[in-house]
Structure formats: structure tokens, C-alpha cells
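Here's the structure we're looking at; comments come further down.
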Amino acid sequence: MSIEIENITKTFGAFTALNNVSLTIPSGELVALLGPSGCGKTSLLRIIAGLETPDRGRILFNGEDTTQSHVRERRVGFVFQHYALFRHLTVFDNVAFGLDVRPKATRPSKSEIREKVMNLLRLVQLENMATRYPAQLSGGQRQRIALARALAVEPQVLLLDEPFGALDAQVRVELRRWLRRLHDEIHITSVFVTHDQEEALEVADRIVVMNRGNVEQVGTADEVYENPASPFVLNFLGNVNLFHGRHHQNESEHHEPQKSSVSYVRSHDIDIDRTPQDSSALKSEIKHIQKLGPAVRITLAIEGNPDFVEAELTRDAFQNLGLQRGEQVYVLPRQVRVFVEDYQI
Amino acid sequence: MSAPVKIHTTHNSGRAQTEPAFVRWILIFIALVFLFLFLALPLAAVFSQAFEKGLAVYLEALREADTLSSIKLTLITAAVSVPLNLFFGVTAAWAIAKFSFPGKNLLITLIDLPFSVSPVISGLIYVLIFGLQGWIGPWLNAHDIKIVFAVPGIILATIFVTFPFVARELIPLMEAQGKEEEEAALVLGATGLQTFFRVTLPNIKWGIIYGVILCNARAMGEFGAVSVVSGHIRGMTNTVPLHVEILYNEYNYTAAFAVASLLAFLALITLGVKTIAEWKVRDQMSS
């Protein structure tokens, strides 16, 4: 089931949540809507589900216009950020809910419902929790029950709103790998909203980067990471340093110097050396060293540049160099992306 | 749901209390004396006066025709006004907590209005509207419809006075629970009614019971507003509280306190149910 989003605009009072957004989500893919809070990603997800009506534009499921159809008729599975499990029902009844509320004519028999629910509970590895109440489950378990409940109605589309947002770090990593494997098994067209770039890069087939109600870029994890279409995308996916044009005499031949432009360098694309390897190496002083597990983050002050620059080295490279705080070194950006300045961080 | 609203109970460990023991004892003592003087003592007085001349006299006082008629009227009044206010309260709370619409704050203010208006004024409003000198009084009179100094007036005044109880209790509860569960039900294919009866209602069950029991207590015990519209016709438009006053003014103390003891019983039952409902509401809010 593919989803086409055509020219969707949504405003809340004076705030434009979505500004003429168009997007195609191919059948069977797992797509991430990635962006900072307030970028419109959750509104878009809720509009796809039918929980919110767009001011303008259309939503098509498999080429069929569903904009006017009620949320009940859209056959979507929706996993809410805080799961929204029915607190007065057991896990079993939660998962069975979508089947129980069907009109008599299309409702499966009690034993069919039972079998289906138990299969789903097996799928999410919680079959022994059937008689518990949501309050008795951990966050990760609730999340999986919410997913089983959404899948019970055999949705055409699965929509997940910040599915891992409320979990602690370790459970989050486990669950997102599990979701990826689950998707490889059942291949249901899925869209999930996240503000966590790592999550999007790891889980999604395709990433839609959004900012201020607009789609900035659509592509695979590699595409958006390696070829960011805008400074926003570059900045949002990974740590970046900014070099303003005027501080960059050595590289000014790449672009007209009078036009204000900004060069962006990812922190792990910076080489540090004690001697200048290149004419464009910049003399700097080490201000701070921070060890972060496998990586080491070094804060540098480049001569004549008011802003600090952050470089990330592997632990090995850091140990080989034996860098100390306060030392004079030379910094050489390996990969520089230049955007003409129309965007402020 | 991961407890967005956490109700803090007052289970302090000994270490958290820094006040010296004698301060604590004095505070507890003052509270107990106050409770005794203003709550326990009057309650005991009601019952002791009621039973002063023995059980037989007590029962006799209750079996008197005017008393029975006042009890009947009070029950009718509660039986009409409580369900109406239950319906109104649930609808209003549902609208306020789960939807946003223009005029929402005005509605909340209006719901609170009966709390801030003196009951006598509430009664007077109905006299001014439906009374003979009132706006539509002459028309009603011409069509032989009696509202003021009759049962309909008493019911109207009672509805007005007990208007906020259910809604006021439900609005914060429903707001704390949010609307995600309802949305989840809709996405899963439930109709609006199924959503209400299978998801919303079970979640607010104890809030409703709490609101209804308070609403009922007030409906049966209301004096001021009802007094203005009733006209005090014995055996016709006297509710239990009005009847108590009449008996007392006639120096019929035993009968007055016997009838009053019914209201005291009602208060005790209300208190018990209310306490249980409070615990359950707390659970519903925090789970």
C-alpha cells in the first residue's frame, strides 16, 4: 500500500505546521519523518491517519483519495507516543479491541479472536502477559503491546509517533532493532516520526527530513548523510562546525568572497596534526578534551576565529597523537561543504 | 500509560518531619478539637435529640403523613435532578476535556456559576422568571401551568444548585487522562458510541460516582433555593429540609430531629461512598 501526500497544508491559528508538503511513500517501505520538534512531522502523521484534517491537499492510499474518509475507515495502525493503551483492559483485551468493536457481520468468532491475539502476543514476545494490565508492564512491553494492538486489525499502513521516545536508552536501541526485524518479516508500509537522527539512520529505508513545515530532503540514510541538500539537513544529521567565509581566506577561491557563505565540516571530518600538512591547515589551540567511549571530542580555538571548533577522533588516533590540553596544533578539514548563507542556526 | 499525573500522598518518613513532637501534637489536638466541636458534636446532638423519647416516638414522627410526603418529594426531586445533571455533567465535561471550541472558557465559568451564587438568589431567579409578576408567569398562568410554588419549580431550583457537581469532578479527571485512548479506539475502528462506552466511561466511572453522590446529597439537602420557590405548602411542596424547619418552628423538636436524622444518615452514607470513590479516582488518574 503506497501513500501519496499531495500539497498538504495545515495551520493551527497563526502557526503553519505544514506548508504545501508533497511526498510519496512507496509500498512496503519503512520511512522515517525526521526533524526537530515543531517541524510538522507529527501533524503529517496524524493527517495520514485521519486524526487531523488538512486545510488543503489530499492523501491517497494506493492512488485512492482518502482525504474525506473517517479515521475509522482508513484501516491504519497507529502507535501513540505514550502508547495510549486502555488502562482498564488487560493486555489481551487491549489487543483484541479492534476486533471486538467490529459490527457483528464482520466480527471474527471468540475463538478466532483468541487465536489471533495470542499469535500477535507471540509475535511481540509477550504471550505470558495476556492477563496483565498496562500499569503492570514496563515501557518497552507497553510499546510492544501497542504495536500488537495496532497490527490486530490488519492495517494497510502502520504509523508510529515517536515510538521509542519515552524509553530509556538501552531499551530504545533494542526495540528499534526489533522493529526493523519485524518490518523485514511483515513488510507493511510504515511511517514513523522521530527527532533522533541516529534512530532514523538505523531503522528507516528512507528518511524524510523536515523543518518548519517543509520537507528538506528525502532519501536513504546514505543519501541524506553523504549528500545533504541543505545546511539544515547537514546540521541536523551529525555534529557540524561552521566556518564563516571571512575566516576562510585560504579557501575563498571556491566561491565569491564578497558573498557571505558558510562552510560546514563534520566533526569527524577534521584531521589534527602537530605540523601543517597542507597550506590550508589552520593553526589552533586545544581548549578541551572530552572522552566519549570509543571517540574523543576535542574543542579547538582556531587562530582568528571567534567560535570554537569541535573535532572528533577515534580513541586510537587520539592516543597515537598523544594530544594535551593547551597544545598548538594544525587542523585540516577533510571534507568541506559550502552553502551560500541563507540559513541561520 | 506512564503516569503523567502523579498524585503525591503524604507518606512521609519520620526523617522528613522536622517539627518537634510537641508542635505536631498540638496541631493534631487542635484539628481534633475542631472536628469534635463542629462535626461530631452536632451529629451526636441530632441523633440524641431524635431518639430522646425512644425508638417508638422516633418511628412515629417519621410515619406522619406530612413527613412521608416531604420524603417522597425529596426523593422525586433527587430522582429527576441527579440524572439530568449526570447527563449534562458528562456531556459538558466530555466536550470541555476532549475538544477545543470557541466559548470553552465561558462554558467552564458558567458551570461554576451556581457555586458562587447564593442559593436564595438562585431560587429568586425562578420566581422572577416563572412567578406571577415574572416574565412568563402570566402566560403560564393563562395556560394553567404551575412552576413556582409547585414541584417543577423545586426541581428547577435544585437542578440549578446541583449543576456543577458532576461536571466539576469530571473535567480535571478527563483532562488528566487526555484523549489519546479515545483516538486509539477510533483508529482501531470503534464508533463514537463504542469509544464512549468502552473507553471513556470505564475510565471516569469512579469520578462519576463521586460527582453523583455529592450532587445527590446537595439535591436532597438543599434549603435556600428550594425554600424560595416552594411556597411551603404542607404535604405538597415541602421537601425534607423545609419540613425540618417547619417542625422545629412548631416546637416539635423530637419530630424535627427525627426527620433531620434522615439527612444526617444521608450525609454519613455520602461520606463513606465519597471516600471510596476518592481512592478509586486517584488510582484512575495515576494509572
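In what follows, every chain begins at residue 1, and chains take the letters A, B, ... in the order their sequences are listed.
- Atom CZ of R180(A) has more than 12 neighbouring heavy atoms from other residues, nucleotides or ligands inside a 6.0 Å radius.
- Around CZ of F115(B), the count of heavy atoms belonging to other residues, nucleotides or ligands within 6.0 Å exceeds 12.
- For CZ of F101(B), the number of neighbouring non-hydrogen atoms (other residues, nucleotides, ligands) closer than 6.0 Å is greater than 12.
- Heavy-atom neighbours of K110(A) NZ from other residues, nucleotides or ligands within 6.0 Å: at or below the threshold of 12.
- Of the inter-residue distances, the one linking E182(B) atom CD with F86(A) atom CZ reads 8.5 Å to the nearest 0.5 angstrom.
- Here the closest heavy-atom approach between residue G192(B) and residue R72(A) is recorded as N-NH1, 4.0 Å.
- Summarising the geometry, atom CG belonging to D161(A) is positioned 7.5 Å from atom CD belonging to E180(B); distances are rounded to the nearest 0.5 Å.
- Residue V76(A) touches chain B through both its backbone and its side chain, counting heavy-atom pairs closer than 4.5 Å.
- Within a 6.0 Å radius of CZ in F34(B), no more than 12 heavy atoms belonging to other residues, nucleotides or ligands are found.
- With rounding to the nearest 0.5 angstrom, the CZ atom of F97(A) is 7.0 Å from the CD atom of Q194(B).
- For CD of Q136(A), the number of neighbouring non-hydrogen atoms (other residues, nucleotides, ligands) closer than 6.0 Å is greater than 12.
- For E181(B) against A84(A), the heavy-atom pair with the smallest separation is CG-O, 3.8 Å.
- Shown are V187(B), L186(B), L188(B); of these, the side chain to side chain contact (heavy atoms under 4.5 Å, CB included) with F78(A) is made only by V187(B).
- Comparing Q81(A), R75(A), H70(A), R149(A) by heavy-atom pairs within less than 4.5 Å of chain B, the highest count is held by R149(A).
- The structure places CD of Q177(B) at 4.0 Å from CZ of R87(A), a figure rounded to the nearest 0.5 Å.
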